[in-house]
Structure formats: C-alpha cells, structure tokens
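Atom set for the values below is all heavy atoms of this structure, side chains included, hydrogens, waters and symmetry mates excluded. For this chain, numbers begin at 1 and follow the sequence in order.
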Amino acid sequence: MLTRRGKKVALVERNDRIGGCLRSDELTEPGFKHDVLATWFPLFLTSPAYAELQGELAEYGVAFDTTDRPTAAVLPDNSAFVLMRPIVGTTSRQ
C-alpha cells in the first residue's frame, strides 16, 4: 500500500521465512499444514488493508479457507474475546 503511494519500502524479517502471524507450517504430520497463530487472520480479513489488496493477493495465489465456527483468544489476565461470523455474535468476556 505504501509503494502504491510512491513510498520506498524495505521488508525485514527476523525469521527464516516471511509470514509472521499469517503463515502455515507442518507441525504434526508431513503434508498436514496448520495455520500458525491463526487467531490473527480474522483481524486481517476484516481490515481495510485486505479490502484494498484482496484482488491483488488472489492474483498471487493467496487464499483464505474460513469457517463459520468461532475463534477465540484467552489473554494473560484470563479475559477472552470470541470472534463470530457474522460479527453480530462477537463478544468480550471477563
């Protein structure tokens, strides 16, 4: 998005491959891929950045296989948030 606006961008990744919180990896069985830190991808899919880049990402083969099942995260203070589809059911719990 920055390069589209004429800015120069340098991408620096500390790991052995790009992806950060949005990547797949074979964690249990060969050929069976898990979405590592997959609780973060719903936040990306609902972002303005994805809305703008969705078509271009699809041209590069980026696809998301989503579900109607909820996803949740438990925070260190034992609170949690649950992301639902549709968003009407999304909650935050203490």
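- The distance from the OH atom of Y60 to the CG atom of L53 is 11.0 Å, given to the nearest 0.5 Å.
- With sequence neighbours left out, the salt bridge (charged side-chain N to carboxylate O under 4.0 Å, His left out) criterion links E56 to R4.
- Legend: residues meeting salt bridge (charged side-chain N to carboxylate O under 4.0 Å, His left out) with R5, ordered by chain and number and at least two apart, are E52.
- Within the 4.5 Å cutoff, side-chain heavy atoms of Y50 are placed close to those of L57.
- In terms of modelled atom types and a separation under 3.5 Å, the side chain of D25 and the main chain of L27 share no donor-acceptor contact.
- Remark: E29 CD is loosely packed, at most 12 non-hydrogen atoms of other residues, nucleotides or ligands lying under 6.0 Å away.
- Annotation for L2: hydrophobic cluster partners, listed by chain and number, are V9 (ILVMFWY side-chain heavy atoms under 4.5 Å, direct or chained).
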